[in-house]
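Everything on this sheet refers to the single structure shown next.
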Amino acid sequence: MRIVIIGATGNIGTAILRRLSAGDPSADLVGISRHRPDQTAPPYRDVEWHQLDISATDAVQRLTEAIAGADAVVHLAWLLQPNHREQVLWATNVTGTRNVLTAVAAADVPHLVVASSVGAYSRGPKHHRVDESWPTGGVHTSHYARQKAVVERQLDAFEAAHPGVVVSRVRPGLVFQRSAAHEIVDLFIGPLVPTRWLGRVRLPILTVPAQVISQAVHADDLADAFARILERRAGGAFNIADEPVLDPAALGRVLGARVVLPIRRTIVRALMWATWKLRLQRADPGWLDIATNVPVMSTERARVLLGWEPQHTSTAALRELLDGIADDARAPASPRLSR
């Protein structure tokens, strides 16, 4: 089976390469990335690599050539920075996805798997779960959510125009693994804020808005879901998240906080906005808007149709990430974890 992974050096792509290489050593794997990784190190070795930018003017032609003969294409490429320049993000995330869809159609690939996100969902409930039919209009104050919602509409149009192609949409929560620690700090915090204490110091008090209720998944559990989708050629959308839900109490337990105190969301958002505008840290307030507004997902469809059962808890995945931050862990062979 020939599988092409676009964005194969990223947080998710690296985990998928690990999973596919271990599950079927004979699999014909093709990686596409903006930067070429160290091809002598696992999981990047024994992979056919193509270096290209999916937002480039010649991207459709080069993508079509690279994916020719593929049994499936997995599209993961996504840009998170520089988030002060949304047009740069749009070029990769939206225009780049359009280029991928055009190439998939031109190459007559029978199966397309796309990484969407919980961030694609419209505002929803936090205290009961929604399935994959919940509207995917995004949270409009977040550039990430807006662009994920646009991609969902692109996929709707592609499915209507190409009914012979199986389209799968994977909507994970936050994706954690130890080797992504350095890159996640770089993407969301930056060099000006000290972070290595996060994995070592137990907070006496954690102050967090009560509405911050999120879901997370270990990268290996997410990769297993992708592998099962590919094996079964399963179409449609799949919510993917580990348990438990990460509410303020769960966050407090992971961080070792003795007391969890609620703080007004507006105060935290104002601080995020000011420090982001001043470029003191790299997380714009749209990320808080996602955390406090998107619904809690049900993963029943993945469990029933894919036989997917996570091997990690969300709290253990978060703890692994924090320990990685303390150790400045990174994937040394990868040029950049882009997601």
Shared ILVMFWY cluster between [X] and [Y], side chains joined below 4.5 angstrom?
X: L52; Y: V60; answer: no
X: V139; Y: V296; answer: no
X: V304; Y: I229; answer: yes
X: I325; Y: L192; answer: no
X: V254; Y: L261; answer: no

Nearest-0.5 Å distance, [atom1] of residue [X] to [atom2] of residue [Y]:
X: E320; Y: D220; atom1: CD; atom2: CG; value: 7.5 Å
X: I290; Y: L174; atom1: CD1; atom2: CG; value: 9.0 Å
X: S142; Y: N293; atom1: OG; atom2: CG; value: 10.0 Å
X: L112; Y: E159; atom1: CG; atom2: CD; value: 9.0 Å
X: L187; Y: H182; atom1: CG; atom2: NE2; value: 9.5 Å
X: Y44; Y: R36; atom1: OH; atom2: CZ; value: 14.0 Å

Ignoring hydrogens and geometry, is there a side-chain-to-backbone donor-acceptor pair from [X] to [Y] under 3.5 Å?
X: R171; Y: E132; answer: yes
X: H111; Y: S168; answer: no
X: D327; Y: A329; answer: no
X: Q281; Y: A283; answer: yes
X: Q81; Y: R282; answer: yes
X: K126; Y: I213; answer: yes
X: R18; Y: P42; answer: no
X: R228; Y: L305; answer: no
X: N93; Y: L79; answer: yes
X: Q311; Y: E309; answer: yes

Are side-chain heavy atoms of [X] and [Y] found at a separation under 4.5 Å?
X: Q39; Y: W49; value: yes
X: V118; Y: N239; value: no
X: S314; Y: V245; value: no
X: V294; Y: S122; value: no
X: V104; Y: I67; value: yes
X: M297; Y: W134; value: no
X: R98; Y: L101; value: no
X: T299; Y: W308; value: yes

Next on the checklist: Using the rule given for side-chain contact (heavy atoms from CB on, under 4.5 Å), can you reason through I5 versus V47, listing the C-alpha separation, both sets of side-chain angles and the distance that settles it, and then say yes or no?
Outcome noted: CA-CA 10 Å; I5 302 172; V47 175; over 6 Å; no
Next on the checklist: So, applying side-chain contact (heavy atoms from CB on, under 4.5 Å) with I3, which one of V73, L20, I16, D71 is it?
Outcome noted: L20
Of the non-hydrogen atoms in [X] and [Y], which two are nearest, and what is the gap between them?
X: P248; Y: V208; value: CB-CG1, 3.5 Å
X: A59; Y: D53; value: CB-O, 3.5 Å
X: L29; Y: S21; value: CD1-OG, 3.6 Å
X: F158; Y: A105; value: CE1-CB, 4.1 Å
X: R202; Y: G256; value: CD-CA, 3.8 Å
X: T315; Y: A250; value: CG2-CB, 4.4 Å

Item to check | Within 6.0 Å of CZ in R196, more than 12 heavy atoms from elsewhere | outcome: yes
Checklist outcome for this item: Residues passing the side-chain hydrogen bond (donor to acceptor under 3.5 Å, both in side chains) test with D284, sequence neighbours excluded, are N83, H143, W287
Checklist entry - Who else is in V150's hydrophobic cluster (ILVMFWY, side-chain heavy atoms under 4.5 Å, direct or via others)? => result W90, V94
[Y] and [X] side chains, donor-acceptor separation under 3.5 Å:
X: R34; Y: T9; result: no
X: N11; Y: Q177; result: yes
X: H312; Y: D221; result: yes

Checklist entry - Are E86 and Q147 close enough, and set up right, to give a side-chain contact (heavy atoms from CB on, under 4.5 Å), and what steps lead you there? => result CA-CA 10 Å; E86 192 169 337; Q147 293 182 8; 3.5 Å; yes
Item to check | Full working for side-chain contact (heavy atoms from CB on, under 4.5 Å) between V151 and W78 | outcome: CA-CA 11 Å; V151 168; W78 194 268; 3.8 Å; yes
Item to check | Salt-bridge criterion met for E300 and R129 (N-O under 4.0 Å) | outcome: no
Next on the checklist: Checking R269 now: which residues fulfil side chain to side chain contact (heavy atoms under 4.5 Å, CB included) with it, not counting sequence neighbours?
Outcome noted: T141, R265, P285, L288, D289
Checklist entry - Does the side-chain contact (heavy atoms from CB on, under 4.5 Å) test come out yes or no for Q61 and E65, once each step is laid out? => result CA-CA 6 Å; Q61 177 184 344; E65 294 170 353; 3.4 Å; yes
